[in-house]
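The chains referred to below are lettered A, B, ... by the order of the sequence lines, with proteins before strands, and numbering in each begins at 1. Computed from heavy atoms alone, side chains included, the values below leave out hydrogens, waters and symmetry copies.
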Protein chains: 2
Amino acid sequence: MTVSRVLNESPGVKASTRARVLAAVAELGYRPNSAARTLVTGMSRVLGVVAFDTRLYGPATTLFGIEQAARDADYTVRVTTLESTGQNSGGEVMRSLMSESLAGVILSAPHDWAAEALRHLSRNTPVVVVDVDVEQDSAPVVGIAQHAGARQATEHLLSLGHKTVWHVSGPVTWPSARAREAAWHTTLTEAGRMAPPPLRGDWTARSGYEQGKRLVRRKNVTAVFAANDQMALGVLLALREAGLDVPGDVSLVGFDDIPEAAYFWPPLTTVRQDFDEAGRLALDLLMDQIEGTGARDRLTVVQPKLVVRGSTGPAARN
Amino acid sequence: MTVSRVLNESPGVKASTRARVLAAVAELGYRPNSAARTLVTGMSRVLGVVAFDTRLYGPATTLFGIEQAARDADYTVRVTTLESTGQNSGGEVMRSLMSESLAGVILSAPHDWAAEALRHLSRNTPVVVVDVDVEQDSAPVVGIAQHAGARQATEHLLSLGHKTVWHVSGPVTWPSARAREAAWHTTLTEAGRMAPPPLRGDWTARSGYEQGKRLVRRKNVTAVFAANDQMALGVLLALREAGLDVPGDVSLVGFDDIPEAAYFWPPLTTVRQDFDEAGRLALDLLMDQIEGTGARDRLTVVQPKLVVRGSTGPAARN
DNA sequence: GTAAGCGTTGTTAACGTTAACGTCCGCTGC
DNA sequence: GCAGCGGACGTTAACGTTAACAACGCTTAC
């Protein structure tokens, strides 16, 4: 019992006793058994992180941010990724999470799936959701102001004199893709411009390339906003293969600011999202709930920021 | 007890009893408590994965492969990333791993740090190491044939008529960077060519760009082998800014085959590594140890493969 | 001088599961 | 008819920790 008090830094242990305990711990190489601790306290120092596809830059970086912050708070992280096929139901994953006495859960799956999965989670498990559309009161949310970012991108292109802006969007099942598309659309409409039909991609450079080939067949395209940098890269290649110059003939904006974007040719104008920060913020919100530091905010928003580089320029006089 | 037998699929339970138990489990929403199970059996169904920086494409993809395979085997995954600063000692991380009754550990940190950390791990914890140089008998290893890949890249350039090949290498603390550099060097030497001094990068496009600028100052560079695709991208930008054509003036080969590489301009010739597969293989080797399926191989090697695209071409006649 | 109080340490029981052993019942064989 | 056996299910104890309470010695107050 005294050992337990020493290791948990409970008060009421004489300094000399504490020293003797610590000496014995060091000598014997004693390590407390976390399973026993979890069993008796009913709570572990493990956080569940549910992600969608951690191979993608955004999710991977958010995960990294969460993990680093968790380790600083002396928690460990248990990751579950969801098959890209979406075969495994949210209910199943959530149920398996709940038999493990997790201290909390971070749902970092910016996908419609996540909103559904949230419903299967016990009401009293602390949870934070990253970048997912959920009802305002179902869980604290770390949002990324997709709207603001997409608006900046679109307005930037309009301010350069382009009559309208084409959009290569992300998959409809991703709320962030829908948000970017919606913001692009309203920005154009508010400026009194005609919004051309969006071209649907799937986040990959390949889909950007294919939609880019469709874009070059039209003669009137001078500005394109791609919903992420990878698709922008694909568009870039398609434009180049068609003999078009960027930004001379066509201006292009991406989204995310992946580390490579600054080294595209030309360096890509894009909207920076701080995924790392989003992960850390999610952990903060979760800690507020777990350690009862007082649930401060229920909604925290990360502001994306337009980064102007070489892929955008004034509209050609035609 | 009978419930325990049913849920663990132990023999000696009448079919009718089993059905009644399952019905009650479903009705009550009963979930076994994994902490109690871990406590009594002394082993959990949790695997520890130690990675270095999961924001990088390779590590992230390997982690994804491990996680997917682990879920199929009904295990969960607990991730620890190491600060890029390398501040936290391997000993500390390993010790914290060991108080959690983990079923096994996968060391997926292709960094010198990993070899040192391995020594702090208890001898009887099942462990597998991915792409790290360790003594042959200290742990089963999933290797990636870096040597073969780098040799293919270098030979490809030589076969196109280039007199020699310059190398932008990765950080020396990464065994895979050293292996690629060594293979590049021996391939040149064996072919009777002079190996120019390698240019040291740090995996980032930025470092590739900077070394690329140093390369263009020399007039005699016609072929470059970059140790990964991001650095190749940086080199590409530096070459282009200097007015050099790829592959007309300079041929360029990368390494990894990140999904974007095929959409660079020009599409990048590179060496594909199957990181996903490496993760799955690591899990297989670990399962062999844990479930005693008979420790088959102690060394499994993933073969990388040269993918020729548009960034390499015949040497200019000069 | 004694009761009350406090600071420190020890004791007991409980968390939920499983290994090991025990019990009960029905069947078989002589 | 009864010993012996095996299948099905139950009971006991243990895993290592912590919450709650008990005990002990020392100081303080009257």
For D/dT18, does OP1 or OP2 lie under 4.0 Å from any side-chain N or O of A/Asn8?
yes
In whole Å, I'd like the distance from the CG atom of A/Asn33 to the C1' atom of C/dG16.
14 Å
State, without any angle test, whether B/Thr81 and A/Gln68 hold a side-chain donor-acceptor pair at a distance under 3.5 Å.
yes
Could a donor-acceptor pair under 3.5 angstrom be found where the side chain of A/Arg5 meets the base of C/dG10?
yes
Looking at C/dT9, D/dC15, C/dC15, which one has an atom nearest to any side-chain atom of A/Val40?
C/dC15
Any A/Ser4 side-chain nitrogen or oxygen under 4.0 Å from OP1 or OP2 of D/dT18
yes
If you find the nucleotide of DNA chain D closest to B/Lys14 and the one closest to A/Tyr30, which residue's nucleotide is nearer the 5' end?
B/Lys14
Provide, to the nearest angstrom, the distance between the CE atom belonging to A/Met43 and the C1' atom belonging to C/dC15.
14 Å
Measure CG/B/Leu39 against P/C/dT18 and give the value in whole Å, please.
11 Å
Between B/Arg37 and C/dT18, does any side-chain N or O lie under 4.0 Å from OP1 or OP2?
yes
A/Val13, nearest nucleotide to its side chain (from C/dT9, C/dT11, C/dT18)
C/dT9
Would you say C/dT9 has OP1 or OP2 under 4.0 Å from some side-chain N or O of A/Thr2?
no
Side-chain donor or acceptor of A/Arg45 paired with backbone N/O of A/Asp74 under 3.5 Å
yes
So which one's nearest nucleotide on DNA chain D is more toward 5', A/Thr41 or B/Arg20?
B/Arg20
I want to verify a distance call: between D/dC15, C/dT17, D/dT17, whose nearest atom is closest to the B/Ala36 side chain?
C/dT17
Judged by modelled atom types alone, do A/Arg78 and A/Thr80 share a side-chain donor-acceptor pair under 3.5 Å?
yes
Just checking, any donor-acceptor pair under 3.5 angstrom between side chains of A/Thr204 and A/Gln230?
no
